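Values in this document were obtained by computation on a predicted structure and should not be read as measured data. First the proteins, then the strands, lettered A, B, ... as listed; each starts at 1.
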Amino acid sequence: MKISTWNVNSVRARIENIKKYIKDSSPDIILLQEIKTEEKNYPFDDFKKLGYESYVNGQKSYNGVSIISKKKLKNINISLPGDTIKQSRLISTEIKIKNKIIDLINIYVPNGNPVDTEKYYYKINWLNLLIKFLKKKIDNENQIIITGDFNILPEDIDVHAPEKYVNDALFRIEIRKKYREIINLGLIDVFRHFNKKEGNYTFWDYTQGSWQKDNGLRIDHMLISNSLIELVKKIEIKKKIRSQDKPSDHVPLECTFT
DNA sequence: ATGGCAGAACATTTCTGA
């Protein structure tokens, strides 16, 4: 069972890259963020032709998340309880791996810059609501896979120039503490669990020659319940995708379970 | 301090992103 997460920066602008990725890598489930389209303009047929079903929480122009799956999925949810602003940033479902029933949650966390503005407070509030949402599931003994674009740099080694990011909404202590809070609910950062080295990024800015200089950020994550770690065979960042024509500024993060 | 690039839409300019 291969599960992949990818912020594609528009599903329509990226459709050829996504189709190529699917053909090359054949993941069972792909979780997309920043699809930047409403459901009515979502390219359902392109994925259908490759044998995938899509489940969409869309929005015009901005945000938007979807799940693409080889098998049909049940219990689709698109709401984050308490979020009154209602941007399309979450979609979840239920899957089974080795007879374990698992909540699979796809998120696109608000960026939050500039700090100390409405956008920043929205990020803090959204993360607080997410923590509540997760805590309820965990108190209920649900097993969880939560993955997507967290817009959080967990540690110094996740950013090429940490000193430049100390007061950035992706790296502020207050924001990193929220990430710790999520981990402390009983989750493991799967990539970091298997890779302790710096310089493993999932995003490179389009500007300033960031890709050429390898000035990246690790902001896309896959967190899983502690009890699921024994099911993980491998996890990798598909870095090469960033060097394609018309790339997204993020690359896929791919996790293979038994 | 600014803008560098990219995508979408109330589109030849403005907004959002990280």
Starting from [atom2] on [N], measure out to [atom1] on [X] and report it in whole angstrom.
X        : N      : atom1 : atom2 : answer
A:Asp149 : B:dT16 : CG    : C1'   : 14 Å
A:Asp245 : B:dC5  : CG    : P     : 17 Å
A:Asn113 : B:dT2  : CG    : P     : 15 Å
A:Lys246 : B:dA6  : NZ    : P     : 10 Å
A:Gln33  : B:dA18 : CD    : C1'   : 14 Å
A:His250 : B:dT16 : NE2   : P     : 17 Å
A:Glu16  : B:dG7  : CD    : P     : 14 Å
A:Lys36  : B:dC5  : NZ    : P     : 16 Å

Using a strict cut-off of less than 4.0 Å between a Lys/Arg side-chain nitrogen and an Asp/Glu carboxylate oxygen, indicate whether [X] and [Y] qualify as a salt bridge.
X        : Y        : result
A:Asp189 : A:Arg180 : no
A:Asp139 : A:Lys135 : yes
A:Glu155 : A:Arg192 : yes
A:Lys234 : A:Glu236 : yes

Looking at [X], I'd like to know whether one of its side-chain N or O atoms comes within less than 4.0 Å of OP1 or OP2 on [N].
X        : N      : result
A:Asn151 : B:dG17 : no
A:Arg14  : B:dA6  : no
A:Ser10  : B:dA8  : yes
A:Tyr108 : B:dA18 : yes
A:Arg12  : B:dA9  : yes

Could you give the distance separating [M] and [N] at their [atom1] atoms, to the nearest angstrom?
N      : M      : atom1 : result
B:dC10 : B:dT16 : P     : 14 Å
B:dA11 : B:dC15 : C1'   : 12 Å
B:dT12 : B:dA1  : P     : 32 Å

Which comes earlier along DNA chain B counting from the 5' end, the contact point of A:Ile35 or that of A:Ile219, where each point is its nearest nucleotide?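 Residue closer to the 5' terminus by nearest nucleotide: A:Ile35.
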Residue mapping more 5' on DNA chain B - nearest nucleotide basis, A:Pro247 or A:Gln87: A:Pro247
Output the single nucleotide from B:dG4, B:dA6, B:dA8 whose closest atom is nearest the side chain of A:Tyr206.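 So the side chain of A:Tyr206 is nearest to B:dA6.
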Measure from the side-chain heavy atoms of A:Lys60 and tell me the nearest of B:dA18, B:dG7, B:dC10. B:dC10
If we check side chain to side chain contact (heavy atoms under 4.5 Å, CB included) with A:Ile144, which of these qualifies: A:Ile224, A:Leu104, A:Ile102, A:Ile138?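 With A:Ile144 as partner, A:Ile224, A:Leu104, A:Ile102, A:Ile138 yield a single side chain to side chain contact (heavy atoms under 4.5 Å, CB included), made by A:Ile138.
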By the 4.0 Å heavy-atom rule, please label [X] as base, sugar-phosphate, or nothing.
X        : value
A:Asn63  : nothing
A:Phe171 : nothing
A:Lys119 : sugar-phosphate
A:Asn215 : nothing

Taking the inter-plane angle between the rings of A:Phe47 and A:Tyr42 on a 0 to 90° scale, is it parallel (under 30°), tilted (30 to 60°) or perpendicular (over 60°)? tilted
